[in-house]
Amino acid sequence: MAVMTAPIHIERVKTSRRASIDFNNLGFGNYISDHMSLTEYSNGSWGETKIVPYGDLTLSPAMLALHYGQAIFEGMKAFKNKDGQIIIFRPQRHLQRMNKSLERMCMPLLSEELFMSSLTTLLEVDADWIPTNEGSSLYLRPFMFASEAKLGVKISDEYKFIILTSPVGPYFSKAVKVKVEEEFVRAAEGGTGFVKCAGNYGGAFYPTMLAQKQGFDQVLWTDSKEHKYIDESGAMNVMFVLNGKLVTPKLLSSLLDGVTRDSILTMSESMGIQKEERRVSVAEIEEGFKNGTLTEAFGVGTAAVVSPIASISIHGRNYELPPVGPDSFQLRAKKKLNDIRMGYEADVHGWNYILPK
Ligand SMILES: *Cc1c(COP(=O)(O)O)cnc(C)c1O
């Protein structure tokens, strides 16, 4: 991926906050690094990218994103590998998805040059913020929103593209209890489920909150027509080991095309497991519990990588999965992904974008 670097204006913080943060106790999303990248769109084109101190913005309360929801984001990660190089995991794939989100929401697309030069310059400036502890990373949050001030319903003519970064610790993935959702839907086919728009999250909060009041951690979303087929779990794609095969719902316009999902499916070919991307019915999952052929269920996404599922409630009946053993597919997949990023295993798929020194 050759990237022409446009000149980027850099305004550095006077005093870094880096030293005040306990890198052994980061959690997820609690701290934002010293700088952010900011690029503004108006009159049909993108202006110059600036790297500026992270801080508040002045925005109009009439800005269109707040009223009509043109707001999208991405979530990806940067690491320092075993040789001390800075790598970004599959940035091009994230950019492709970001552009799909932008297209669906009638927002201006980003060129590879703008996206990569903003990212790499920001990472160079805040390189000290990339954690080096095992399992830690710098979470990258590129996002865009409509900033034009106007109350009439319209597609905005002005946007801001910002990248924030946040050092994050190993995600403590305690096995989660999920409930098959049979009343609410996250997304319908033909809607915006396949894009990372802010509204998808806003709409998911209420059913998730109700599920949490009933003692679950997350919901397992089902198709909007019949609630018969599994879509996703919370904000992660979902995978099962059923009859010894890796089974995951095939992509529809109601599902998010996860980069972690794609990576794990790709790796599965060399991990001695057959994969199936197809519609997955709630009935066959229930059957798999009853006859013991369902041995693993887990969520996959950038934040946690792999999140084991402890139990699934189906039509009000709770089914437990066996504990996750060290030889489980999900833990082997998580380790393999980590080894590829860290440089312990060859990056045969070309997933690591290594920052030039
Ligand atoms: C971001 C996201 C995922 C996971 O995608 P990754 O690219 O693997 O992080 C899955 N489902 C939804 C709804 C998401 O927003």
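Order of listing sets the numbers, starting from 1, for every ligand and every atom in it.
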Anything under 30° is parallel, anything over 60° is perpendicular, the rest tilted; go ahead and classify Phe289 against Tyr319.
parallel

Regarding [X] and [Y], is there a side-chain donor-to-acceptor distance under 3.5 Å anywhere?
X      : Y      : value
Ser33  : Thr165 : yes
Thr192 : Asn200 : yes
Asn352 : Asn81  : no
Lys179 : Gln214 : yes

Would you check whether Met76 reaches within less than 4.0 Å of ligand 1, judged by its heavy atoms?
no

Strictly under 4.0 Å, does any heavy atom of Glu74 approach an atom of ligand 1?
no

When you measure from atom 13 (C) of ligand 1 to each heavy atom in Lys196, Arg186, Met236, His94, which option holds the nearest one?
Arg186

For ligand 1, which is the ligand I care about here, please tell me if Arg261 has any N or O atom under 3.5 Å from one of the ligand's N or O atoms.
no

Which residue supplies the protein heavy atom nearest to [atom], what is that atom called, and how far is it?
atom                    : value
atom 9 (O) of ligand 1  : Thr302 OG1, 2.6 Å
atom 15 (O) of ligand 1 : Tyr201 OH, 2.4 Å
atom 12 (C) of ligand 1 : Glu232 OE1, 3.3 Å
atom 3 (C) of ligand 1  : Ala235 O, 3.4 Å
atom 8 (O) of ligand 1  : Thr260 OG1, 2.6 Å

Residue part near ligand 1, for Val259, under 4.0 Å between non-hydrogen atoms:
both

Is the closest basic N to carboxylate O distance between [X] and [Y] below 4.0 Å?
X      : Y      : answer
Arg93  : Asp257 : yes
Lys275 : Glu269 : yes
Lys290 : Glu284 : no

What atoms in ligand 1 come closer than 4.0 Å to a heavy atom of [X]?
X      : value
Gly258 : 5 (O), 6 (P), 7 (O), 8 (O)
Arg97  : 5 (O), 6 (P), 7 (O)
Asn237 : 10 (C)

Once you round to the nearest 0.5 Å, how far does CE of Met76 lie from OG1 of Thr260?
12.0 Å

